[in-house]
Amino acid sequence: MFLFRHPLRPLTHLGRVLLCMALALLGALLMLVSPPAHADDSDAPKAESPYFFVDSNDPSTDRLPLKSTSVDVRIAGVIADVTVTQHYRNEGQRAIEARYVFPGSTQAAVHAMTVRIGDRLLTARIKEKQQARIEYDAAKKEGRTSALLEQHRPNVFQMNVANILPGDEVAVELRYTELLTPHDARYGFVFPTVVGPRYNSPQGAAAAEKWVATPYLRSGAPSPEGFDIKVALETPLPIKEIASPSHEIGIDGMGTRAVRVALKPSDSPADNREFILQYRLAGDRIESGLMLYRGDDENFFLAMVEPPKAVPARQITPRDYIFVVDISGSMHGYPLDTAKVLLQHLIGSLRPSDTFNVMLFSGSNRMLSPHSVPATGANINQALHTIREMGGSGSTEIVPALKRIAGLPKAPDVSRTVIVVTDGYVTVENEVFQLVRQNLDRSNVFAFGIGTSVNRHLIEGIARAGQGEAFIVTKPEEAQAQAERLRRMIDSPVLTQVKARFDGIDVYDVEPAQLPDVLGGRPVVIYGKWRGDAIQAAGAQLVVEGRSAEGAWRSEVAADAGEHPAAAALRHLWARQRIAMLSDQEALEGGSAQKAPITELGLKYSLLTQYTSFIAVDRIVRNPNPALAPTVDTPSPLPEGVSPLAIGAEVPSTPEPSAWLALLVVAGILVATLVARRDRR
Amino acid sequence: MTTFLPTARAAHRPPRLDAVPAWAWLALQAAALWTHWRWAAARVADGSDDPLGVVALAVLAWAVWRMAPGLRREPRPGWLAAALALSVASTAAVFVAPPLAGALLAALALASGLAAFVPPARPTLPLAGLAVLALPVISSLQFYAGHPLRVVTAEASAWLLRIGGWVVERSGTALQVDGHLVIVDAPCSGVQMAWMAYFCACTVAAITGVADGRWLRRLPWVGVIVLTGNIVRNSALVALQARGAVSEPLHQAIGLVVLAAVCAAVVMVTRGDRDAQA
């Protein structure tokens, strides 16, 4: 009422200015005070990430204690026995703890570790992971030299060696066995040398895992670590051809049943790409049979059965293809060029009755078209044209990309094939497997790994979870052959409804319990335990039945006569297979659901798992000041072909225009003002 | 002020001090503050700053030269006293304050000296503004005011972009737009645009002859216009960057267009009335 009787006087000019200033100040204050999602860097979730190695100029600490890695491989038939020796030498003046994150084969069963210090030998014991870590930390604090080998992923391990005194030479030796399964009658042995720089998503479960923060040397920098590998092969049939697509090798004994392979010395570093050795046996035969091993308390068997030959199907059903392509920073350059050639072959070979769509993902994702389009020439050309223009940059958010794929609508009578093309440099493998298994079960998921040091755990896991196959393409020249292989596999599934039956011996704990469909080129592999006496063993027989393209199929395999030289490895191989099955189960259920059975298997069969570690502790205290020993993270070389964008890229910003241009503009405006005034007067 | 000529013996000595021209007094004062000009010259020469101050100095010199015929013969004592006090302060500041503070006081001292001689009804404050802008201030402004400006700009840009439909998250001065990270870093803070805008305001006022009080009342609007302009420029560039890489010429072009708009607005706000005297 008061306001109506005595209305406010209108503001003076000064009053208006002051009012506006007050409003502006209030606005600025509100903006600064209102809490946005991540107002402050300290609130934002952080994730460990790889970084570039910076050599400090402190001469007293040796920042590169790993001097060389030597690998000795013995392949007997289909079983490879690998001994990896890491030589650490402290050339500084301070005692150090060395940490080294290195890869292993996804199928490796690491079963022994020894540490040689000077002239003494320590044998490592297998222990539960947390207990081993506690024991290692205690030994480190006391000043004893000790070594701890831990597993972070099935193909990522970490070696910790504490209290390496100045002048010490410590050689850590670990042994693993692996089964070599042939593809299309070609055997391949893969030894990975470097873990690629992983993108660690802040929303992923692995955001806080410390091993991801490994240092990398810039590409082109000379590798300070030596690498050497020697392979000795003994095969039941003479070797027809043997070659390495990754390294230059020298072959001794070609055409016989005992061949030796060694690396040729070269100037370029040998440890920035995985070592791949491929060979074929005479007659393109594969070693099939039923291998029996009689152990002290348990007997093991391994059966490998050659599948029927692939026959082109009479009827081709139209399919819907979804290509999911990784265009993150780690793919920039050579890997993306390889992926482009691969997509050219994959998309180019689609039939007009097929439909397809392409998703490109890095930090965000986008589909090339709102829904699948028919694979006509015009659509294919347009898609390939867009893909050719892509460059790689950004992070690798694969989980949101796959979630979007899972949500795509699908007609019920169309079969869908999802093809994932990536280098696999992520830490969220379990989440991806869970997503694929739960949401893409109506599609077949195939995975292509691109690069010289692909994360095979992700690629193989995606294929397993999606009931597809894994393909690895290391260079553009291989793209066409792999695309052909996929085409053949999709067109003609070889064996379905596979069942196995054993006659003569009593088998139990068979892996896998349910035999998957054979898609092409891959033998049926069965592990298990058996009971029976020698006579029963001699007459044992395996019968595999299934349906092939030509009808019912049956194969009978008799037990191998005599003991296989590497049969003792079956213990470890069976246990590794069982652990892999439990880990897949755990990935599906999430968390540590299978911790107890996996730990029990690891301890009983002395295997490295995600819940058991190897530890060796010296009994002598040699370091008087253990608290002063710094921890040195051994740098890895950047995988060949991967650009520095995998680790960091220049972030775009919004700079102001250059000063002189700005001055010109201002001068122009002032002159215009002057001229306008003159004109007006 | 009337002058009393003494009629005693001293009458034979002509009062030469009175005959000394104004520019000589100013030159003398400038010479007394030589240490600050030496520092400013060194700063301009060492490459740590864009030498925009030279342009402001040139404009100031031209403005003084234009009004040189009309300079008072008898300086205003109030301004003279201020000039003296500021000169003493700037000399004292050499020992206790950073060099920029001393240089600022010296510039203001010189401006006060100039104000004492400026003809009646001519603007004096814009000349002080030009004197301050002639110093190498941009780097220091970046250092002290850069980060707050960037935070405000980033936050306002984030609001604008959200209204436009993008998904934006701000973390410090970095914006996450649709999965792309764009940083509002030092060259984006708008300090250069602010310098240009205030330079425009001072120059236009010096040329067109705006009354001091009126000019001072219009000055806060210059700040508002600059901030708004920087926010608009930043939002446009971030939106474009989120779609894909932006070429360098396009960056510059957008920045210059916004700068032209800002300066035009500043000129319109601060220029004199239609019938202002020359």
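Any value given below was found using the heavy atoms of this structure, including those in side chains, with hydrogens, waters and symmetry copies removed. First the proteins, then the strands, lettered A, B, ... as listed; each starts at 1. Just so you know, these numbers come straight off a predicted model, no measurement behind them.
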Heavy atoms only, distances under 4.5 angstrom: which of B:Gln241, B:Met268, B:Gln176, B:Gln252 has the most pairs with chain A? Name it, please.
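Option with the greatest count: B:Gln252.
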For chain A, find which of B:Ile183, B:Leu237, B:Thr203, B:Asn234 contributes the most heavy-atom pairs closer than 4.5 angstrom.
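The candidate making the most pairs under 4.5 Å is B:Ile183.
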Might you point out which heavy atoms bring [X] and [Y] nearest each other, and give the distance in Å?
X: B:Met196; Y: A:Ala662; value: CE-CB, 3.6 Å
X: B:Leu259; Y: A:Val666; value: CD2-CG2, 4.3 Å
X: B:Leu52; Y: A:Ala659; value: CD2-CB, 4.1 Å

Pairwise side-chain contact, A:Leu670 with B:Cys200, heavy-atom cut-off 4.5 Å (strictly under):
yes
Any side-chain heavy-atom pair of B:Arg218 and A:Val17 under 4.5 Å:
no
What part of [X] gets within 4.5 angstrom of chain A, counting heavy atoms only: side chain, backbone, both, or neither?
X: B:Arg217; result: both
X: B:Val55; result: side chain
X: B:Gln192; result: both

Is atom CH2 of B:Trp39 surrounded by more than 12 heavy atoms (other residues, nucleotides or ligands) closer than 6.0 Å?
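Counting neighbours around CH2 of B:Trp39, more than 12 heavy atoms of other residues, nucleotides or ligands fall under 6.0 Å, so yes.
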Give the member of A:Leu18, A:Ile669, A:Leu674, A:Thr673 that has the highest number of heavy-atom pairs under 4.5 Å with chain B.
A:Ile669
Counting only non-hydrogen atoms closer than 4.5 Å, does A:Ser658 touch chain B with its backbone (N, CA, C, O), its side chain (CB onward), both, or neither?
both
